[in-house]
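Taking it in order: structure first as structure tokens, then the write-up.
Every chain is numbered from 1 and lettered A, B, ... according to where its sequence line falls, protein lines coming before strand lines.
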Protein chains: 2
Amino acid sequence: MTRTRQAVLALLQRTRQPVSANEIFDQLQQEKVAIDLVTVYRTMHVLKELGLVLQLDLHQEGLSRYELKEGREHHHHIRCQICGLIVDLLLCPLKKVTKLIEQQTQFIVDDHTLEFTGLCPQCQ
Amino acid sequence: MTRTRQAVLALLQRTRQPVSANEIFDQLQQEKVAIDLVTVYRTMHVLKELGLVLQLDLHQEGLSRYELKEGREHHHHIRCQICGLIVDLLLCPLKKVTKLIEQQTQFIVDDHTLEFTGLCPQCQ
DNA sequence: ATGGTATTTGCAATAGACTTGCAACAATGA
DNA sequence: TCATTGTTGCAAGTCTATTGCAAATACCAT
Ligand SMILES: [Mn+2]
Ligand SMILES: [Mn+2]
Ligand SMILES: [Zn+2]
Ligand SMILES: [Zn+2]
């Protein structure tokens, strides 16, 4: 756990939203923390390996975001199409559906992704 | 509807799987149809606008695939992690869940993406 | 502390999907 | 036929992310 990695972790802690590598880079620049964008990517890789961080690849965004794992279980997200707000959905409604799909397709299902988009309360 | 666009449409018709721009390009090359990769991208854009083609951005693939819309309604997909087989799921299990999420988050939901991965019957 | 090893970092270059500018070409139609 | 419009190919560019490599840093046994 180097100084640099501490800085990234600290940023994730004080950030409520999932952040992209570029956002981490820009934010740390502003805070006068010298860090290369490549190092951000490599740091995120390490933090994922350590199980401290989750990587989110939301649909249509064309980049990855990261959030602290903390105690978070498997969950999904909803994103506002106007302001980009991302909110955790704590339920996963797909357990029964998974069994149905296994029957219908003869696949063995081992993962899924689910994401909603819409308008947040502010943007309506 | 130019010769080139006809060739792309014909390829989509005889292809069972959703195909990427590069796959369309390679396949047409093999069939001695002269076409530029840029033209493939622009053609897919046009065919989408015309409502003839659906664009799929499956999770973790890092590229777009295209399938004929034909009569297809809103639907989802399951992909085999070994061989890449993609199968249509004809059900959408999210209508009730959407209402629940609107209540919980105060968002107005207007779209969602859902995708399963697993092992197809051949690869188990 | 000191020296030696392993890890981490920055910079430059690269990869890969996709887009854009522009000029040549083809189709359309008065 | 000529002018206007739409389509294509090539080159170059964008954007996120990765890789090679050498310099800097951290770590550890002496
Ligand atoms: Mn989350
Ligand atoms: Mn489909
Ligand atoms: Zn789930
Ligand atoms: Zn659906």
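- One interatomic measurement links the two molecules: CD of A/E49 to C1' of C/dT7, which rounds to 15 Å at whole-angstrom precision.
- For the pair A/Q6 CD and C/dT8 C1', the interatomic distance rounds to 14 Å; values are reported in whole Å.
- Between the CD atom of A/E23 and the P atom of D/dT16 there is a distance of 10 Å, given to the nearest Å.
- C/dA24 atom C1' lies 14 Å from atom CG of B/D36, rounded to whole Å.
- The two atoms that bring B/F107 and A/G118 nearest to each other are CD2-C, 4.2 Å, heavy atoms only.
- Within the structure, every side-chain polar atom (N or O) of B/T2 is placed at least 4.0 Å from both OP1 and OP2 of C/dA27.
- Contact annotation for A/S64: backbone-only contact, meaning every heavy-atom pair under 4.0 Å involves sugar-phosphate atoms and none involves a base.
- Using a 4.0 Å heavy-atom criterion, one finds that A/L37 contacts no nucleic acid atom at all.
- A residue-by-residue look at A/R3 and B/T4 shows that B/T4 has its nearest nucleotide of DNA chain D further toward the 5' end.
- Here C/dT8 presents its C1' atom at 12 Å from CE of A/M1, a figure rounded to the nearest Å.
- Paired with B/C120 under the rule side chain to side chain contact (heavy atoms under 4.5 Å, CB included), one option of B/I82, B/I86, B/I78, B/L85 passes, and it is B/L85.
- A sub-4.0 Å separation between OP1 or OP2 of C/dC18 and a side-chain N or O of B/Y41 is present.
- For a distance-only test at 3.5 Å, the side chain of B/R42 fails to qualify as a donor-acceptor partner of the base of D/dG6.
- Listed by first and then second residue, the side-chain hydrogen bond (donor to acceptor under 3.5 Å, both in side chains) pairs that reach into residues 9-20 of chain B are B/R14-B/E31, sequence neighbours excluded.
- Note on A/N22: a side-chain N or O is less than 4.0 Å away from OP1 or OP2 of D/dT16.
- Annotation: of the two residues near DNA chain C, B/D57 and A/T43, the 5′-most nearest-nucleotide partner is A/T43.
- In this entry the distance linking NZ of B/K48 with C1' of C/dT19 reads 12 Å, nearest Å.
- Atom CG in B/L50 sits about 14 Å away from atom C1' in D/dT7, given to the nearest Å.
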What's the verdict on side-chain contact (heavy atoms from CB on, under 4.5 Å) for B/I108 and B/E102, showing C-alpha distance, side-chain angles and the deciding distance?
CA-CA 6 Å; B/I108 294 171; B/E102 288 186 328; 4.2 Å; yes

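- Of all heavy-atom pairs spanning B/H112 and B/L94, the tightest one is CD2-CD1, 3.5 Å.
- We find that CZ of B/F25 is positioned 14 Å from C1' of C/dA17, with the value rounded to whole Å.
- Positionally, the nearest nucleotide of DNA chain C for B/E61 lies more toward the 5' end than for the other of B/E61 and B/V38.
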